[in-house]
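The block underneath contains the structure these notes are about, expressed in structure tokens.
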Amino acid sequence: MRTRQLDKTYDPKTVEARWYQVWSDRGYFRASPDNPGQPYCIVIPPPNVTGSLHVGHALNHSLQDILIRWRRMQGRNTLWLPGTDHAGIATQNVVEKQLMAEGSSREALGRERFIERVWQWKAASGNTIIAQQKQLGESCDWDRLRFTMDEGLSKAVLEVFVRLYEDRLIYRGERLINWCPRCLTALSDIEVEHEDVKGKMYSIAYPLEQDSTVTLTVATTRPETMLGDTAVAVHPDDPRYNRFIGRKVRLPLTDRTIPVVGDAILVDREFGTGAVKITPAHDFNDFEAGERHQLPRLPIFDHRALLDSEGLKTAGVYADLISNIAGNPVSKARPQIEQALKDRGLLVKVEDHKMAIGKCYRCKTVVEPYLSPQWFIKIKPLAEPAIQAVERGRIRIIPEGWTNNYLGWMRDIKDWCISRQIWWGHQIPAWYCRSCNSRFIHEQLTTSATGTPITRITLLQGAVPIVARSAPTQCPECLGHDFLRDPDVLDTWFSSGLWPFSTLGWPERTPELKAYYPTSTLVTGLDILFFWVARMIMLGLKFMGDVPFRDVYIHALVRDAEGQKMSKSKGNVIDPLHVMEQFGTDALRFTLASMASPGRDIKLAEERIEGYRNFANKIWNAARFAHLYLDGPRTSGPLNERSFPDRWIVSRLNQTIETVGFELEAYRFDRAAAALYHFIWHEYCDWYLELIKPSLQDAASADAPATRQTLVDTLETTLRLLHPFMPFLTEEIWQTLPDHGESIVVQPYPTPDASRRSADMEQQFLLLEQTVSLLRTARVLLNYSPGQPIQFVVAHDDATRREHLKGLQPYFAHLGRGTADLIPTSSWPTKNLLRLVSEGLSVGMTVAGDVDLQKALDRILKQQEEQAKEIGRLEGKLASQDFAAKAPPEVVADHRQRLHSLRGDQSMLASSETQLRAMRGV
RNA sequence: GGGCGGAUAGCUCAGUUGGAAGAGCGCUGCCCUUACAAGGCAGAGGUCACAGGUUCGAUCCCUGUUCCGCCUACCA
């Protein structure tokens with residue numbers, strides 16, 4: 001049993017890479033449906049394939065790895081399935097930026113070559129995050145790495161699309177959608193971020209057709225959209241305006257007249273002027289109002305959100321105005337419209353107004369409601385079962401508080417726009433017969449942002465798609481062979497929505513699906529609850545007939561030390577790789593776990609990580625200590641024949657095992673981490689190791705062989721208990737212990753054992769701790785140096801405790817660094833003695849030499865004061881009739897007991913005070 | 001506008017059936033005591049946001065207020 005020499009400080013760098021390689025080579029993370037044990041499966045929330053690991057990933061992944069390693073050690077058949085996401089818009093943007101730097105563009109390249117280029121980029125940078133995940137110690141089954149654009153997953157996407165289409169849950173239609181004029185694509189509702197801004201409210205007068213002296217004043221925050229107005233709405237019950245309903249107003253700056261309609265839904269009489277302009281082509285509410293009143297839609301912006309001359313012409317805008325504003329963005333056009341209205345005396349007033357504007361979550365450009373044909377998923381039929389699954393507890397959301405959030409969103413869910421006008425992604429499996437649809441295929445010659453001439457193909461509303469798993473060869477209508485494939489791709493979340501089953505092989509019926517679906521736990525951040533989690537639930541239920549996971553654990557967002565969201569532009573990001581380099585991976589993992597309190601964001605500062613680096617080092621040194629003494633003989637006799645420290649630490653360890661297991665079951669990583677930290681540092685290191693030193697250092701000690709065994713056993717068990725949190729350190733140390741097996745990774749996780757518990761030892765320990773603490777305090781008060789041996793006396797009011805103290809004597813003598821006499825206080829010296837008191841326990845320490853007793857006196861006085869306050873409080877309560885009558889008897893008894901003990905302490909302290917004053921000669 | 005969460009030591013946060021306020025970090029003092037100075041020991045520091053209510057008793061339960069977050073929303 002040769003033990004290795006350990007360095008004085010733990011050096012994570014050399015250790016981490018080495019062990020990860022070993023674990024990997026030995027295939028510990030490899031899963032198989034044939035493995036024994038109840039399956040436990042987590043699918044990773046796939047990070048962007050071309051991204052790199054940020055601290056949010058580090059948190060998300062650390063927690064998953066803790067769960068997986070814990071379950072693996074418990075003997076479950078674990079699978080942690082890794083993968084990456086193609087992140088359509090984001091990735092396309094990155095590659096486009098590269099092209100731009102080269103003076104090229106995706107249009108110049110063409111679709112096919114552009115996509116090739118993205119694959120190249122994926123090949124070049126796609127492994128970055130995977131390597132970083134390994135650095136974090138993630139025990140994923142890397143052989144099963146999946147990518148949303150893989151052949152298998154693409155097949156799943158195709159299958160789902162076709163089936164949903166066949167079930168009439170996917171449809172194509174011209175709707176107002178959120179459009180990013182920079183990405184030039186539609187976005188789903190939740191891809192729009194709302195931001196409060198200070199805007200202006202413009203009041204514009206619309207003269208009545210028959211009598212231009214009478215005007216109807218409407219209010220708007222976007223005056224330029226008035227050019228596309230097709231009606232004005234007033235409330236049907238509003239006496240100010242309802243007589244106008246059915247009449248017409250002249251739309252300023254145009255040659256059009258538009259009707260006044262009554263609409264109780266759109267109009268809030270209290271707001272603004274009480275009259276609302278309706279622009280169905282550029283506002284979601286107006287779109288719906290337009291449907292109610294069969295109003296025409298007049299788009300006046302193009303796809304880049306520039307005023308469109310064709311549209312303006314159609315809208316009957318004055319030609320001279322068109323020539324001024326066509327091609328202008330809103331920022332330029334608005335003042336021009338404002339001026340034009342002012343010139344005609346139709347701008348009634350402009351007021352400050354705060355409002356929310358929508359921005360593209362990828363590029364922060366202001367999104368425009370834009371009328372265009374898109375693909376949608378009819379979501380209500382899918383949402384219904386997804387609501388029930390959560391309501392009925394088939395899926396548990398943790399912390400529970402988010403459940404209502406989920407349900408609320410699901411109940412009010414809108415159809416999901418799934419088409420994106422980009423190239424990188426799963427192209428929609430829809431084809432159009434060119435001859436049958438010739439009227440609907442609109443090809444427009446235009447130029448790209450970089451000036452490349454391009455053809456924009458728009459498939460107008462009315463085009464009839466053929467949706468199929470593969471390209472059709474013949475048109476069933478005209479028997480033609482010329483097809484145009486829908487150029488749009490699917491929202492990335494469409495494919496990630498299939499993740500829990502597509503990664504397991506669906507639509508094939510694989511053994512993996514059978515074993516691991518439904519997966520056990522999903523770990524994710526709140527930000528993608530709707531984007532991803534909700535959609536996985538809907539699609540999982542639809543296509544697998546069962547929920548995709550049992551538990552959804554939602555963790556916090558990681559912020560900087562000031563609570564600011566981390567962002568590259570703010571420069572406040574904590575780079576997990578840098579942190580791992582600096583403090584070690586285990587320290588980072590433990591930090592994140594310990595800060596993962598539910599419902600609260602994590603404010604991360606490097607000092608915290610440094611603190612846990614120190615913790616790692618503490619453990620390291622505890623192991624070094626153990627190694628100093630492990631060479632001697634070891635015997636493992638029955639527990640009850642072992643020494644007090646041994647039995648105590650075994651009991652405490654047992655408690656810690658119980659706590660950690662309990663907290664992990666409840667996803668309380670923070671509490672599990674705190675329990676480990678406290679046990680290891682403040683019980684094992686601070687007390688146990690100190691308590692056993694005399695025995696270990698005494699060659700003649702009878703306890704030593706059993707203590708050596710307890711020492712190594714408890715250390716070994718603690719390492720296993722800690723391993724999911726700090727995998728590298730624990731493996732490194734564990735391998736140096738005698739009689740070790742192959743790897744700690746595949747060792748059983750500790751389980752509590754009631755026979756190891758000893759309430760008696762724990763209670764005696766508290767007495768010991770109390771005694772030692774008083775001794776140490778006295779030593780400091782009297783300025784005795786820590787090493788200087790002291791003579792002291794100890795007594796206790798309580799007979800049982802006195803008995804215990806007898807047995808504990810060698811321990812507190814050792815920890816107090818001195819000799820201790822257990823004698824009744826009545827026989828204590830009356831001179832030159834400092835006496836400290838606590839809960840019936842008294843310790844006395846000889847005052848020698850010329851010491852300043854003021855500090856000691858101050859402490860006594862302070863304690864007296866505190867106790868007097870507490871005595872007063874207890875006396876007050878006990879004097880109350882109500883308290884005696886209504887409080888539970890055990891509480892009353894407890895209060896009496898405490899009062900009694902405090903009074904005893906008070907009299908002791910009084911005599912101590914008297915002595916001190918006498919010694920000072922005051 | 002609606003919903004949710006938070007307000008506890010200088011800082012970050014625990015506090016689970018209401019019955020003596022806790023941790024980590026930081027701070028002060030003393031110590032290089034043969035595992036660890038990335039350490040040890042001892043300390044200081046809190047009308048548990050505010051105001052009411054329920055209760056014998058409230059950090060905890062209820063109501064209201066203030067101040068922060070977050071989510072959500074079509075007030076033009």
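First the proteins, then the strands, lettered A, B, ... as listed; each starts at 1. Side chains included, hydrogens not; waters and symmetry mates left out as well; all remaining heavy atoms used.
The side chain of A:Lys277 contributes no N or O atom lying less than 4.0 Å from OP1 or OP2 of B:rA76. Applying the 4.0 Å criterion to OP1 and OP2 of B:rC41, one finds that A:Arg779 has every side-chain N and O outside that range. The shortest distance between the side-chain N/O atoms of A:Arg898 and the OP1/OP2 oxygens of B:rA20 is below 4.0 Å. A sub-4.0 Å separation between OP1 or OP2 of B:rA35 and a side-chain N or O of A:Lys693 is present. In this model, the phosphate group of B:rA38 is not approached by any side-chain N or O of A:Asn621 to a distance below 4.0 Å at OP1 or OP2. Between B:rG40 and A:Trp681, a contact under 4.0 Å exists linking OP1 or OP2 to a side-chain N or O.
Using bins of under 30°, 30° to 60° and over 60° for the plane-to-plane angle, the ring pair A:Tyr677/A:Tyr612 lands in the perpendicular bin. Between A:Phe530 and A:Trp409, the ring-plane angle classifies as parallel under the 30° and 60° cut-offs.
Side chain A:Arg608 to base B:rG24: a donor-acceptor pair is found below 3.5 Å. Contact annotation: side chain of A:Arg776 to base of B:rA42, donor-acceptor pair absent below 3.5 Å. The base of B:rC36 does not come close enough to the side chain of A:Lys8 for any donor and acceptor atom to sit less than 3.5 Å apart.
Few gaps surround NZ on A:Lys855; more than 12 heavy atoms of other groups in view lie less than 6.0 Å from it.
Comparing the same atom, P, in B:rA14 and in B:rA51 gives a spacing of 24 Å after rounding to whole Å. Here the separation of B:rC50 from B:rU12, taken at their C1' atoms, is 24 Å to the nearest Å. Between the P atoms of B:rU8 and B:rA44, the separation comes to 22 Å (whole Å). Going from the C1' atom of B:rA23 to that of B:rG57 covers 27 Å, rounded to whole Å. Across B:rC32 and B:rG40, the matching C1' atoms stand 10 Å from one another, rounded to whole Å. Atom name P, nucleotides B:rU47 and B:rU59: the rounded distance is 13 Å, in whole Å. Taking atom P in both B:rG19 and B:rC4, the straight-line distance is 27 Å, to the nearest Å. Comparing B:rC60 with B:rG22, their C1' atoms are spaced 15 Å from each other, to the whole Å.
Between B:rG39, B:rG43, B:rG19, one nucleotide has an atom nearer to the side chain of A:Thr777 than all others, and that is B:rG43. Between B:rG40, B:rA35, B:rC70, one nucleotide has an atom nearer to the side chain of A:Leu526 than all others, and that is B:rC70. For A:Asp283, counting side-chain heavy atoms from C-beta on, the closest listed nucleotide (B:rC56, B:rA76, B:rG15) is B:rA76. Listed nucleotides: B:rC75, B:rA35, B:rC56. Nearest to the side chain of A:Lys618: B:rA35.
A:Gly816 comes within contact range of no nucleotide atom at all, as no heavy-atom separation falls under 4.0 Å. Here A:His678 lies out of heavy-atom contact (under 4.0 Å) with every strand.
Ring to ring, A:His555 and A:Phe669 are not that close: their centroids are 6.0 angstrom or more apart. In summary, the aromatic rings of A:Tyr784 and A:Phe792 are positioned with their centroids too far apart to meet the 6.0 Å limit.
Pair assignment for B:rG18: none, as no Watson-Crick or G-U wobble contacts are both less than 3.5 Å.
The residue among A:Ser785 and A:Ser880 whose nearest nucleotide of RNA chain B is located toward the 5' end is A:Ser785. Of the two residues near RNA chain B, A:Glu690 and A:His353, the one whose nearest nucleotide lies more 5' is A:Glu690.
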